[in-house]
Structure formats: structure tokens, C-alpha cells
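As C-alpha cells, the structure follows; a few thoughts come after it.
Because the structure is a prediction, the values reported are computed rather than measured. Each chain gets a letter, A, B and so on, in the order its sequence line appears, and its residues count up from 1.
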Amino acid sequence: MSSPTNLDYTAIDNLLESLGGDRAFLAELIDVYFTDSANLFNEMHGSLAAGDADRFRRAAHSLKSNSANFGATALYDMARRLEEMGKLGELAEAPALLGEAEVEYERVRPALEAIRDEG
Amino acid sequence: MTDAGHILIVDDNLINRMVLTRALSEQGHTSDTAQNGRAALDMLARGTFDVVLLDILMPEMDGYEVLAHIKQQTDWRHIPVIIISAVDEMDSVLRCIEMGATDYLSKPFNPGLLRARINASLAGKRLRDLELEYLEQVSLVMDAATAVEAGSFELNTLDSVCGRTDALGQLARVFQRMAREVDLREQRLRRQVEELRIEIDQTRQEKQVAEITESDYFKTIASQARSLRSIIRGDKDEPGAAT
């Protein structure tokens, strides 16, 4: 199976093991990830517009956590850096990095859709 | 192999809650979830949990505040708390451990580590629960000793301790047996004292009667009474006699 190099399939395997091998439940989780990610990106844009660093930090934290669950390592790293910006209240460079994160998300999405559709 | 536990998952992240709920179920445990710290405290107040899995960064009330509340409450402070964290949150984890958290679990969750950490926490809690129960029952035996000295000991207060199969149970059974023997002996003594009192009272009364009836005055009165009875009987025998 071809895949982007920035999706860690070990994390998917660990996740599947935690779920008792239930691929249908994994597929459900991936769909939740897609929905959550869309909401989190919106939340981050909204909080940047409002200058709310704390709200931005929490959204980035969730995106970081979710991305780690599904092995999206590059996206995890970007979300971690966005979270740090929110924690420090230093949001000047956040919009640019947020844009990169959205591009990365669109890169991992097809691989996760493929895994979802296998179930 | 550790028995199943009932676990509270506190995390504002839906995927984390779903994954942990399923993972814990796969490992034989039951769980409830809370989306923030305030909801977690409500659930702790309403239910009984063996372990808490606690995220740190949450809206409304964060993990630090939840942990502080748990450690302040007598009923909750012995519940093991495992911090759920990302690998880059070690400072937060260390702070929580200094506040009394038992362990931590990094995200994403490794199922083997989850099993090991949960089982270790459950084993620790069960040991603590046994210790608390033991201390409670030692306290019962000590209270019983105080009650014996005060004369207010009731035999059935040690029944729960007597059922133990360990040294404390043996002590309680011996104590209860001795207390029962002392109680029976006291009852016998009280009966004997009562019987003696009755005997003494009777003897005293007889002595008092004797003192009166053997006095010269009583004898004189009795003699006069007899004479009068004789006169009366004599007068009745003769018709027309004056009274």
C-alpha cells in the first residue's frame, strides 16, 4: 500500500490493538477525527481573529493529540508548535504555521480515508 | 491478574475518551467519562471509582484543579490518579506527581502500558483499601477495650473482626470470649450479692422481731393480753356478765 511518509502506521496499529482489532470502530474514529479537525481549524482561525491565545492553545492541543493518535507525525509537530505559540501568547507567526498545518492535513487525509474504507 | 476496575476518564478530547473507553473495556474494565474538571468532580461525588485518568489542559476546570480537589477530599484522596499527557508535557506531569498523582500515561496510548499502569494502580488501591479496613477493625478492638473498662462493652461489637482469619481475628475472638466470661462471672456475683442481701435483710428482721418479743415489756404486754383473753372468754361463758 502506498502512503505519505508522514503517516506513522505503527500508531495506527497501536490504536487498532487498543480497540481490540475493531476496524469498524477505527473507521468511526477516523470520521470523528475529520470532523474534529475541521472544527479545530475553524476554532484556531476564530481565536486568532479574536486574539484569544488561550482558546487558540486549547484547539491546537486537541489537534496535536488527535494527530498523534492517528500517526500524523508532521501534523502533530505543527500542532505542538502552534500550541506553544498559544501558551506563550506569541501569535504573530501562528497564521503562517496554521496554513502549513492545513496543507499537511490535506496530505494525510487520503491515507486515513483509505484506512477507514478498509474497515 | 488484577480484578476489573471502574475508571473515570477525564478528557475534553472526544477521540481520547472514545479510545480509552474502548481500550479499557477490551481489558475488562468499566468506565465513565467527563469532558471537563467540573463534570469530573460531579461524577466523583455521585459514583465510586477505582482509578481516575486525568487530562491536564481542559476548559472550565483544568487537571491541576481537579487533582487538588481529589487530594483534599477524604473519600477521594486514596483513588489513584494517572495523568494523561503528551510527551512534551513532562513539566506538567511532574507538577501533577508532586501534587499526588500516582502515575502518567503518554499519548498516543500504548495498550500494553495502559494495561500495566491501570493494573498497578488497581493493585495499589486494593492494598490501600485493605490497610484502611484493617486499621478500622484495630480501632474497633481498641474501642472495645475502652468499653470494657467503662463497663459498657457489648459482645456483638466485635463480630465483624471475629470473622477474620488472621491474627487480628484471633485477638478479637479471644477478647470476646474473655469479655463473655467476665460478664458471666459478674452476673453470678451480682446474683450472689442479691441473695446475700435478701438473707441479711431476713436475718435483720428476725433479730428485730426477737428484740421486741423477748423484751420484758413485750412479755408483760403479752401476759396481760392473755389474761384479758381469758377474762373475755370467761365472761362469755357466764350469761349477763358485764363487758
Between Gly86(A) and Phe56(A), the two heavy atoms sitting closest are CA-CD2, 4.0 Å
Per-residue contact mode, Asp11(B) against chain A (heavy atom under 4.5 angstrom): neither
Taking side chain as everything from C-beta outward and backbone as N, CA, C, O, which of these in Glu83(A) sits under 4.5 Å from a heavy atom of chain B? Side chain, backbone, both or neither. side chain
Do any N or O atoms from the side chain of Ser139(B) and from the backbone of Leu135(B) form a donor-acceptor pair under 3.5 angstrom? no
Would you say Ser67(A)'s side chain and Lys64(A)'s backbone share a donor-acceptor pair under 3.5 angstrom? no
Would you say the ring centers of Phe70(A) and Tyr9(A) fall short of 6.0 Å from each other? no
Identify which of His61(A), Glu17(A), Arg55(A) forms the greatest number of heavy-atom pairs closer than 4.5 Å to chain B. His61(A)
Against the six-membered ring of Tyr104(B), is Arg117(B) placed for a cation-pi contact (under 6.0 Å from the centre, within 45° of the normal)? yes
Do you know which of Gly20(A), Ser62(A), Ser18(A) has the most heavy-atom pairs with chain B at a distance under 4.5 angstrom? Ser18(A)
Between Asp36(A) and chain B, which part of the residue has a heavy atom less than 4.5 Å away: side chain, backbone, both or neither? side chain
In terms of heavy-atom proximity below 4.5 Å to chain B, should Leu26(A) be classed as side chain, backbone, both, or neither? neither
